[in-house]
Amino acid sequence: MQQPQASSMTAAARRRQLQGSVLAGKMVLVRKALDTNLNSGDVVGMLGQEACVHINSELHPTPYEASTFSFEFIWDMKKQGVPGAVIVKNYCDEEFFVNTITLDIVPGYGTIVFTAESWVYPDEIYDHLPRVFFSNQPYLPNQMPAPLVPYREEELRNLRGDDNPGPYKDHDRVYRYDVYNDLGEPDSGNPRPVLGGSDEHPYPRRCRTGRRRTNTDPDSESRNVGFPLTNHFYVPRDEVFNDRKKAYFDTNNLKLYIMQKYATFLLHADQQTPFEFDSFADVLSLYDEGSINLPGWLNTFLQPLLGIIPFKLLQQVLTPDSEFILKFPMPAEDKTAWQTDEEFAREMLAGTNPVVIRRLGETEFPPKSKLDTSKYHNQNSRITAAHVEKCLEVEGLTVEQALADGRLFILDHHDHFMPYLLDANHQPDTFVYATRTLLFHRNDGTLQPAAIELSLPRFEAGSTLISSVGEVYTPASDGVEGHIWQLAKAYVTVNDYSWHQLVSHWLNTHAVMEPFAIATHRQLSVAHPIHKLLHPHYRDNLFINALGRQSLINAGGSSENTVFLGKYGLSMTSEVYRNWNFTEQALPEDLIKRGVAKRRSNGELELLIKDYPYAVDGLAIWSAIETWVRDYCAIYYADDAAVQGDAELQSWWKDVREEGHGDLKDHKWWPEMKTVAELVQSCATIIWIASALHAAVNFGQYMYAGYVPNRPSVSRRPMPKPGTDLYRELELHPEKEFLLTITKQDLSIAGIALVELLSSHSDDEVYLGQRDSPNWTSDLDAMNAFDRFRERLLEVEKNIVAKNDKGSGFKNRTGPVNIPYNLLFPYASGDAEANTGVTGKGIPNSASI
């Protein structure tokens, strides 16, 4: 039988191939019959005749478009059976990318698709079996046709790379674990603790790079970091951004780099206070109606970039004229509503960090500290009934009644930051409080801040115990008391900004997800149905995390420069990870733990705050994900015995628990992976974290933190006291004194550029309810289940649009700033190019930015 064959390759690969007429590859089909021993050196399965692909050197493809090549295989269906895999050999000088290989008109089968989506390097560099790609038919390990089993097992051995310690090269396809030992630069006198692998600093594992150890610290890995906009680290090549996303990311990253490096030169020269904002009008000048003008003489500073960065990339960030004008989009239409108490409280339910607020229990007033009493003393709250009664009187309630009715809530950052303030407040331009904010749930569904407590640490006299001192502030709107209240809210948002960046975003989505991605590649074959289920939710995660270690969370990186904890930030996330619980990451369990939801007798969840946009939309998304995963798993696992008998699945979960999250391996909360229900819940939780949770805490950053007065990243001065010069200045110049207290101008510009980058959707985004290839499986039952999942998400989208309508009665969905809550709008039916940039809409499949 002569069989036509088509293969697609990416633009980057084509550009290399088209340097001349070369033999691009060799395809060999392997049938599903005839078993021999792979380890003996014999060829496994029955091989068809080789088919070669030649590329015309005169072909000039358009960038980012795939090329399709047709050729023929010679294959005898009667003698050789059904093709089950393709061997691909590359005789080019450089690598190429294979998207899919399709066999058309296979007698009795129609079309057979082999999904590759992988870079293939020149054949001479592979020490083991040449690249093998299986058909897109999913198989559990015990169902794989016997001739293909050795290929499946050998492929997993290569990916585990247990016999390859590194250092790794681009062509290596090794997924091994390592600790976070590459954040500091000990040889330059700027070390950081190794995170992971110890009781002192537990942490999730990262993908191993195998670089040499530093000279001064044998436990730390050298960074080999050159220019910040180029990567100098190993991740498996298939995990690297594709050309299209890399171009988009590099453009935005260049803008961030220029803003961070040259921010002090970008400032307006006519300000009263050099390098400070004097008024909110000064802040607004950073945005579209203003602009940052780069002085002509600054071109000299940019000249060195031209030797490193392609000029076309610079052109995308800098305007064609000689002044090099850079602009930020205006985050919100209303430029003053952020100052209202309603908006301050609403953002705890629908802002960029809606995952911390919790209900205050009947026995929790005043709020109690849970810090170790052998180290900390007098840490309980100073908030009394007298502080909050005025807020409750409007609706005729006492504190006891409000507690009993479940209407008092708290944003509690006191214990989060108190242990770090003695060190953090010794850093330049840093004066931060540990905060508690008490809120009342009003009859109209909104939250009212009732009291804010600001606390500082101090050593007890003659003791090593750390106690706290502080004051409680209550709402005010007039005179200097109103300005004091605005400052109190700013101190709260400084805490919340830091917790959001370091914990809600980095730790609880990016860092905890990487071990699952690594384990999936190490232990689950690409032919495994659970690999097919989860793989889209790891897209670009390893690469963006590696970029983060290079320039975001590293010593001197963007996070240390913009978040008030500075070099202590990552150590704090290690302490938070100590109490991380995988099962509590499922949205229903998280809401119940925080007391903002409870289960009814019928098992359904009831929200105590009905108008809680993150929770309302999130539960709808969670239900759709859970149903999809349950339907999918039921196709392949008829009962619990099937789960227990799946060797790859059991190895995967063991790898996740004992290696990837090895510092927490002994906790009893880990699912044992013995039942279908445990498999469904675990996979649904992984998908939730990677997609919806990450979208909720990431893509709203610019809309809220892009305007610095709304979410400052640091505070620099103490609260003014009556009778002091600061107090008198606050009374006379409230805007200026507010701005002198929060993030200074140069760090504000750098921070705005950072959150713009983090909040931007790329134009190749693949959203929840979408797959990057229609050929991800040949299983019709699985495809039908996925179609039903997509339909549920489309229904969620309709409901979100209806709820966001101003006539819906839901006050917390848009709020005073008039920003509709679309962060959990799936965008399952959308076109990625139409949602490019800062849109505040859409749930990508993975934590990839």
Side-chain angles (χ1 to χ4, degrees), residues 273 275-280 282-283 338-339 344 347-348 351-353 356 411-437 449 452-458 468-473 480 482-503 559-569 572 704-721 724-727 729-730 733-752 754-755:
T273 311
F275 309 134
E276 294 283 359
F277 295 116
D278 293 313
S279 66
F280 295 146
D282 275 356
V283 180
W338 63 272
Q339 299 178 71
F344 169 73
E347 291 181 21
M348 301 177 197
T352 195
N353 195 29
V356 180
L411 186 73
D412 193 349
H413 286 303
H414 180 278
D415 287 3
H416 294 162
F417 295 113
M418 181 58 70
Y420 302 94
L421 291 187
L422 286 173
D423 289 325
N425 283 346
H426 275 89
Q427 299 177 126
D429 286 325
T430 305
F431 195 99
V432 177
Y433 295 93
T435 68
R436 291 185 178 103
T437 305
I452 292 174
E453 181 181 15
L454 307 180
S455 300
L456 292 171
R458 73 173 182 186
S468 70
V469 293
E471 291 190 28
V472 178
Y473 299 86
V480 69
H483 306 323
I484 290 290
W485 177 242
Q486 290 296 334
L487 282 175
K489 291 189 292 183
Y491 290 119
V492 171
T493 55
V494 166
N495 276 193
D496 201 56
Y497 180 99
S498 298
W499 186 262
H500 163 261
Q501 289 288 9
L502 293 170
V503 178
S559 178
E560 285 197 1
N561 289 331
T562 57
V563 176
F564 80 82
L565 282 173
K567 66 180 182 180
Y568 306 104
M572 183 197 73
Y704 295 105
Y707 185 65
V708 176
N710 184 52
R711 282 186 73 79
S713 62
V714 68
S715 51
R716 296 180 282 159
R717 306 196 307 184
M719 179 70 86
K721 303 294 184 185
T724 64
D725 290 342
L726 282 179
Y727 195 87
E729 285 297 315
L730 180 65
H733 309 289
E735 287 189 14
K736 181 175 181 179
E737 293 306 305
F738 181 93
L739 293 167
L740 287 172
T741 300
I742 64 170
T743 317
K744 62 181 181 179
Q745 195 177 51
D746 58 343
L747 291 183
S748 292
I749 293 174
I752 295 169
L754 175 61
V755 295

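- Judged as a salt bridge (charged side-chain N to carboxylate O under 4.0 Å, His left out), and not counting sequence neighbours, K736 has no contacts.
- Looking at residues two or more places apart in sequence or on another chain, you find a side-chain hydrogen bond (donor to acceptor under 3.5 Å, both in side chains) between Y704 and R346.
- Residue pairs that meet the side-chain hydrogen bond (donor to acceptor under 3.5 Å, both in side chains) test with at least one member in residues 422-433, sequence neighbours left out, are D429-K744.
- Across all their heavy atoms, A434 and L421 have their closest contact at N-CD1, 3.4 Å.
- The distance from the CG atom of N353 to the CG atom of L411 is 7.5 Å, given to the nearest 0.5 Å.
- Residues passing the side-chain contact (heavy atoms from CB on, under 4.5 Å) test with P720, sequence neighbours excluded: I484, L487, L726, Y727, L730.
- Judged as a side-chain hydrogen bond (donor to acceptor under 3.5 Å, both in side chains), and not counting sequence neighbours, the contacts of S468 are R382.
- Shown here are the ring-ring contact (aromatic ring centres under 6.0 Å, His included) partners of H416, two or more places apart in sequence or in another chain: H413, W499.
- In this view, D415 satisfies the salt bridge (charged side-chain N to carboxylate O under 4.0 Å, His left out) rule with no residue, not counting sequence neighbours.
- Residues passing the salt bridge (charged side-chain N to carboxylate O under 4.0 Å, His left out) test with D496 are R711, sequence neighbours excluded.
- Considering only residues two or more places apart in sequence or on other chains, S715 meets the side-chain contact (heavy atoms from CB on, under 4.5 Å) condition with V432, Y491, V494.
- The shortest heavy-atom contact between A705 and Y497 is CB-CE1, 3.8 Å.
- Between S748 atom OG and Y707 atom OH the span is 11.0 Å, to the nearest 0.5 Å.
- Across all their heavy atoms, L739 and E276 have their closest contact at O-OE1, 4.4 Å.
- Remark: E471 engages K721 in a salt bridge (charged side-chain N to carboxylate O under 4.0 Å, His left out) (not counting sequence neighbours).
- You'll find the side chain of Y420 stays beyond 4.5 Å of the side chain of F564, heavy atoms only.
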Problem set entry | side-chain contact (heavy atoms from CB on, under 4.5 Å) between L454 and Y473, intermediate numbers included | CA-CA 8 Å; L454 307 180; Y473 299 86; 3.6 Å; yes

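- A distance of 10.0 Å separates OH of Y568 from CG of L422, quoted to the nearest 0.5 Å.
- In this structure, CG on D412 lies 8.0 Å from OG1 on T435, to the nearest 0.5 angstrom.
- Within the 4.5 Å cutoff, the side chain of S498 has heavy atoms near those of the F417 side chain.
- With no hydrogens or angles considered, no side-chain donor-acceptor pair links S713 and T562 at under 3.5 Å.
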For this session: Could you please spell out the steps behind the ring pair (Phe, Tyr, Trp, His ring centres under 6.0 Å) verdict for W485 and F344?
Result: CA-CA 12 Å; W485 177 242; F344 169 73; 7.1 Å; no

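- The shortest heavy-atom contact between T352 and H500 is O-CD2, 3.1 Å.
- For the pair L740/E729, no side-chain contact is recorded, criterion being any heavy-atom separation below 4.5 Å from C-beta on.
- In terms of the side-chain hydrogen bond (donor to acceptor under 3.5 Å, both in side chains) criterion, residue partners of E737 (sequence neighbours excluded) are, by chain and number, R717.
- Looking at Q745 and D282, their side chains never bring a donor and an acceptor atom within 3.5 Å of each other.
- With hydrogens and angles disregarded, a donor-acceptor distance shorter than 3.5 Å links the side chain of K489 to the backbone of Q339.
- Between W338 and T493 there is no side-chain heavy-atom pair separated by less than 4.5 Å.
- Contact check for S455 versus M418: side-chain heavy atoms found under the 4.5 Å cut-off.
- Not a single side-chain hydrogen bond (donor to acceptor under 3.5 Å, both in side chains) links Q486 to another residue, sequence neighbours left out.
- Taking all atoms of both residues into account, the shortest heavy-atom contact from P709 to V283 is CD-CG1, 3.9 Å.
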